[in-house]
Amino acid sequence: MLTLETVFGQRIGGVFRGWTDKIHEINKKYEKPRITMSSGVKIALMFLRIYLILLVVLLGYKFWTMMK
């Protein structure tokens with residue numbers, strides 16, 4: 001099995017391991033939301049997600065057409 005240490009070396013792999021461990025710790029801490037969202041907030045967040053995806057698709061399309 002490949003680990004970060006075997007791929008990047010001992011020192012760099014250790015740094016990346018510390019970062020990933022910290023990210024996992026933060027994700028575990030905030031796994032359950034502490035506040036409740038109203039339906040309006042949920043709808044607004046869904047529209048923002050859709051808008052973000054649309055922007056990324058448009059950016060990818062623009063890149064693709066420029067590279068042709």
Side-chain angles (χ1 to χ4, degrees):
M1 182 171 121
L2 290 175
T3 62
L4 290 173
E5 286 81 7
T6 59
V7 173
F8 294 111
Q10 199 67 21
R11 286 186 156 190
I12 297 174
V15 170
F16 283 137
R17 174 71 59 205
W19 288 348
T20 57
D21 289 344
K22 189 66 173 175
I23 291 170
H24 288 293
E25 177 185 331
I26 291 170
N27 285 341
K28 191 69 165 170
K29 180 179 178 182
Y30 295 108
E31 186 176 21
K32 304 264 181 172
R34 296 182 185 176
I35 60 172
T36 57
M37 293 187 286
S38 67
S39 60
V41 171
K42 289 180 183 179
I43 292 171
L45 288 174
M46 182 57 66
F47 280 123
L48 285 173
R49 285 183 194 131
I50 293 169
Y51 180 67
L52 176 64
I53 291 169
L54 178 66
L55 287 178
V56 170
V57 168
L58 285 173
L59 183 65
Y61 175 74
K62 177 69 174 175
F63 176 76
W64 179 258
T65 58
M66 289 179 65
M67 296 307 289
K68 277 185 148 179

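From a predicted model like this one, the values you see are computed outputs, not experimental measurements.
Residues Thr65 and Lys62 approach most closely at OG1-O, 2.9 Å, considering heavy atoms. Closest heavy-atom contact between Met37 and Lys42: O-CE, 3.7 Å.
For the atom pair CG (Leu58) and CD1 (Ile53), the distance works out to 12.0 Å, reported to the nearest 0.5 Å. A distance of 7.5 Å separates NE2 in His24 from CG in Asn27, rounded to the nearest 0.5 Å.
One hydrophobic cluster, built from ILVMFWY side chains closer than 4.5 Å, cannot hold both Ile50 and Ile43; they sit in different ones.
In this structure, Lys22 pairs ionically with Glu25, as a charged nitrogen and a carboxylate oxygen lie closer than 4.0 Å.
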